[in-house]
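Treat the numbers as computed from the prediction; the structure is a model and nothing was measured. For this chain, numbers begin at 1 and follow the sequence in order. Atom set for the values below is all heavy atoms of this structure, side chains included, hydrogens, waters and symmetry mates excluded.
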Amino acid sequence: MATQSKILFIGGTRYIGKFIVEASAKAGHQTFALTRESTISSPSKSNIIEDFKNLGVNFVIGDLYNHESLVRAIKQVEVVISTVARTQLAEQLNTIAAIKEAGNVKRFLPSEFGNDVDRVHAVEPAKTTFATEAKIHRAIEDEGIPYAYVSCYYFAGLYLSNFS
């Protein structure tokens, strides 16, 4: 039987994150969600929060923009999975700094939006997103943090609205 991990999700109540958090909890992992106080009490997130509670998800009050809360949350786990939105990709540098300070993470999976950013030659608007992802990859590698990059080969529909 495989060892179950302690996993922290950052962005776990968002569009993609909620599905991954659910899968983690159902797989028997000790699942933690970094959650702002305002999210816990938000009527728009109440169904997600209730579902997570029923699955045994542990809520860690904190914020992507608060270094101390990130470090405190990360010290409780072995794996960190970021599912932050595309608009927050660069803020993963905050997570990388907290992981480095905590010193206990066995694997970090940054938020990805599909392609292997080191092997694509994108045009705008994807080019900017991929450049940010590449910057995150280099920061993870430069800090010596164990990582896994998951490339599902892009949510192509994300930019379809730009085509006439």
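E22 and K26 are joined by a salt bridge, as a carboxylate oxygen and a charged side-chain nitrogen come within less than 4.0 angstrom of each other. Taking a cutoff of 4.0 Å between a charged side-chain nitrogen and a carboxylate oxygen, D142 and K135 do not qualify as a salt bridge. A salt bridge between E124 and K127 is absent, with no side-chain N of the basic residue lying under 4.0 Å from a carboxylate O of the acidic one.
Residue N54 qualifies as enclosed at atom CG: its count of foreign heavy atoms under 6.0 Å is above 12. For Y65, the OH atom counts as densely surrounded, since its 6.0 Å shell holds more than 12 non-hydrogen atoms of other residues, nucleotides or ligands. For CD of E37, the number of neighbouring non-hydrogen atoms (other residues, nucleotides, ligands) closer than 6.0 Å is 12 at most.
Here the options are Q88, Q92, E91, the test is side chain to side chain donor-acceptor pair (under 3.5 Å), and the partner is S82; only Q92 passes. Checking each of V80, T83, V79, I140 against L109 for a side-chain contact (heavy atoms from CB on, under 4.5 Å) leaves exactly one that passes, namely V79.
Between A90 and I136, the shortest heavy-atom distance links the atoms O-CD1, 4.1 Å.
Inspection of the H29 and E78 side chains reveals no N or O donor paired with an N or O acceptor under 3.5 Å.
In this structure, D116 and Y149 have side chains that are not in contact, with every pair of non-hydrogen atoms separated by 4.5 Å or more.
Under the 4.5 Å side-chain heavy-atom criterion for grouping Ile, Leu, Val, Met, Phe, Trp and Tyr, V120 is not connected to V123 through any hydrophobic cluster.
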Query - Full working for side chain to side chain donor-acceptor pair (under 3.5 Å) between T31 and S24 - result: CA-CA 6 Å; T31 303; S24 173; 2.8 Å; yes

